[in-house]
Number of protein chains: 2
Amino acid sequence: MAAGQAQFEELARQLSAVGAVKRDMARVMPPDCPSGSAAVLLLLDRHGAMRMSRLAELLAVDMSVTSRHVAHVADRGWIERSPDPADRRSRILHLTQPGRDRLEDLSRRTTELLADRLSDWSDDEVVQLIRLMTRLRTSFGDCRSTASARLPHPAPGTAPQTTGTAQTTRTPA
Amino acid sequence: MAAGQAQFEELARQLSAVGAVKRDMARVMPPDCPSGSAAVLLLLDRHGAMRMSRLAELLAVDMSVTSRHVAHVADRGWIERSPDPADRRSRILHLTQPGRDRLEDLSRRTTELLADRLSDWSDDEVVQLIRLMTRLRTSFGDCRSTASARLPHPAPGTAPQTTGTAQTTRTPA
DNA sequence: TATTGTTATACTCTATAACTATA
DNA sequence: TATAGTTATAGAGTATAACAATA
């Protein structure tokens with residue numbers, strides 16, 4: 001058996017309140033690189049060059065949102081969009097050297113802030129928090145593939161979708 | 001010694017990505033009660049009647065933001081604003097019975113979603129995540145009182161603020 | 001016809017600043 | 001003069017829908 005109702009309510013409260021921490025971190029970022037742009041740079045660095053649709057999946061936002069973030073960082077020369085030889089509708093996104101430099105600066109700012117705020121945390125506590133937050137995202141993210149999984153209790157008589165194709169992060173249109 | 005740079009970077013990534021979880025939870029909420037309104041109702045239920053300034057502190061947002069959330073829930077009759085006998089500039093915010101009913105509905109939706117998504121979590125894991133997220137907020141929130149504490153490395157020659165009065169959540173004006 | 005990506009529009013949350021009323 | 005709260009304005013993030021180009 002899993003946790004009780006009171007614990008789920010408390011977890012929901014903490015999830016809601018974690019925004020304050022994110023805002024505090026955003027304050028030490030440079031004004032021309034908001035969080036959406038930073039996430040694009042980080043994911044391209046971690047996972048290497050990729051297409052919009054893959055990036056939207058990793059960001060877990062709609063592709064229209066991804067498109068705007070990508071345009072922002074491309075305008076500043078932090079990424080480039082090469083033609084995709086396999087599909088002329090797509091382009092391959094990859095970091096440029098200025099993008100890598102910018103990302104290094106962002107990482108330094110983030111690390112400094114966290115080292116300051118979490119100076120009395122043990123290494124194990126940080127590791128545990130990372131582990132549990134990663135698992136939390138997995139537990140939610142694994143259900144993104146089908147519409148029926150999004151709602152715990154689908155309306156009676158509603159057959160589960162069996163499109164057969166893996167859903168990308170996309171407006172249902 | 002605290003965690004290393006790689007762990008802080010990873011924690012920052014997880015904090016950035018937890019927004020997807022929050023969006024998933026927001027999708028099961030009724031359209032007339034967005035997350036800001038829900039937080040107002042929850043905090044008034046937990047901490048009892050209070051003034052705007054206290055609520056803004058608990059929400060960890062500016063009072064102007066709090067004011068709008070409060071107006072939203074007051075327009076719908078979920079809270080009432082009684083005169084504050086001690087200070088005629090303030091009013092005391094308190095939940096109404098419809099507000100309590102609405103909050104119970106919200107809580108049920110939240111609990112159902114989490115019970116579904118976290119069905120394979122142990123009770124201890126949920127408790128640990130709550131504990132670490134609470135501590136994270138404390139580690140950041142405890143530094144809100146002075147401007148100097150907001151930046152790990154204040155500019156050289158900048159004397160730390162010594163206003164003497166406890167700062168509330170307020171635009172520095 | 002279906003898919004990749006872009007753009008227009010709208011909504012929520014937030015902060016800053018100007019303002020009113022009261023202390 | 002200082003503080004509690006409100007409102008106007010602006011910026012960031014997101015989703016939906018309509019659209020273009022290509023598969």
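Order of the sequence lines sets the chain letters (A, B, ...), proteins ahead of strands, with each chain counted from 1.
- In this structure, the CD1 atom of I79(A) is 13 Å from the C1' atom of dG5(C), given to the nearest Å.
- What separates CZ of R27(B) from C1' of dG13(D) is a distance of 13 Å, to the nearest Å.
- Contact between the side-chain N/O atoms of R88(B) and the OP1/OP2 oxygens of dA21(C) is not found at any separation under 4.0 Å.
- Between R81(A) and dT6(C), a side-chain N or O to OP1/OP2 separation shorter than 4.0 Å is present.
- Contact between P83(B) and R91(B) at its shortest, heavy atoms only, is CA-CG, 4.3 Å.
- Counting heavy atoms from C-beta on, the side chains of L44(A) and H94(A) never come closer than 4.5 Å.
- A salt bridge does not link R102(B) to D45(B): none of the charged nitrogens lies less than 4.0 Å from a carboxylate oxygen.
- Taking atom CG on D87(B) and atom C1' on dA2(D), their separation rounds to 12 Å, with Å as the unit.
- Here the CG-CD1 distance, from D87(A) to I92(A), works out to 9.0 Å after rounding to the nearest 0.5 Å.
- Rounded to an integer number of Å, the gap from NE2 of H72(B) to P of dT6(D) is 15 Å.
- When the C1' atoms of four end pairs are superposed on the next four at each end of the helix from dG5(C)-dC19(D) to dA23(C)-dT1(D), using five pairs per end, the two resulting axes differ in direction by 10°, to 10°.
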> Does the pair D62(A) and R23(B) meet the rule for a salt bridge (charged side-chain N to carboxylate O under 4.0 Å, His left out), with working shown?
Replying inline: CA-CA 12 Å; D62(A) 191 87; R23(B) 290 193 293 279; over 6 Å; no
> Taking it one step at a time, do E80(B) and T96(B) satisfy side-chain hydrogen bond (donor to acceptor under 3.5 Å, both in side chains)?
Replying inline: CA-CA 7 Å; E80(B) 273 179 3; T96(B) 60; over 6 Å; no
> Step by step, would you call R108(B) with E112(B) a salt bridge (charged side-chain N to carboxylate O under 4.0 Å, His left out)?
Replying inline: CA-CA 6 Å; R108(B) 187 182 48 73; E112(B) 277 185 13; 3.5 Å; yes
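- Distances shorter than 4.0 Å separate none of the side-chain N or O atoms of S53(B) from OP1 or OP2 on dT3(D).
- No engagement by D84(B) is indicated, since no non-hydrogen atom pair under 4.0 Å with the nucleic acid exists.
- Put simply, CD on E57(A) is 15 Å from C1' on dG5(C), counting in whole angstrom units.
- When the side-chain nitrogen and oxygen atoms of T66(B) are compared with OP1 and OP2 of dG5(D), none of them lie within a distance under 4.0 Å.
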Write down the protein N/O and nucleotide N/O pairs, taken from nucleotides 7-12 of chain D, whose separation is under 3.5 Å; answer none if there are no such pairs.
none

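- Protein atom CE of M25(B) is 16 Å distant from nucleotide atom C1' of dT12(C), rounded to whole Å.
- A side-chain contact (heavy atoms from CB on, under 4.5 Å) with R131(B) is found for exactly one of Q128(A), Q14(A), E125(A), namely E125(A).
- For the 3.5 Å distance criterion, the side chains of D124(A) and S122(A) fail to qualify, holding no donor opposite an acceptor.
- Listed pair R91(B) / dG5(D) fails the phosphate criterion, with no side-chain N or O lying under 4.0 Å from OP1 or OP2.
- Atom pair I92(B):CD1 and dA4(D):C1' shows a separation of 12 Å (rounding to whole Å applied).
- A donor and an acceptor atom sit less than 3.5 Å apart, one in the side chain of R89(B) and one in the base of dT3(D).
- Here the side chains of W121(B) and L136(A) are in contact, with some heavy-atom distance below 4.5 Å.
- Going from atom CZ of R23(B) over to atom C1' of dT12(C) covers 13 Å, rounded to whole Å.
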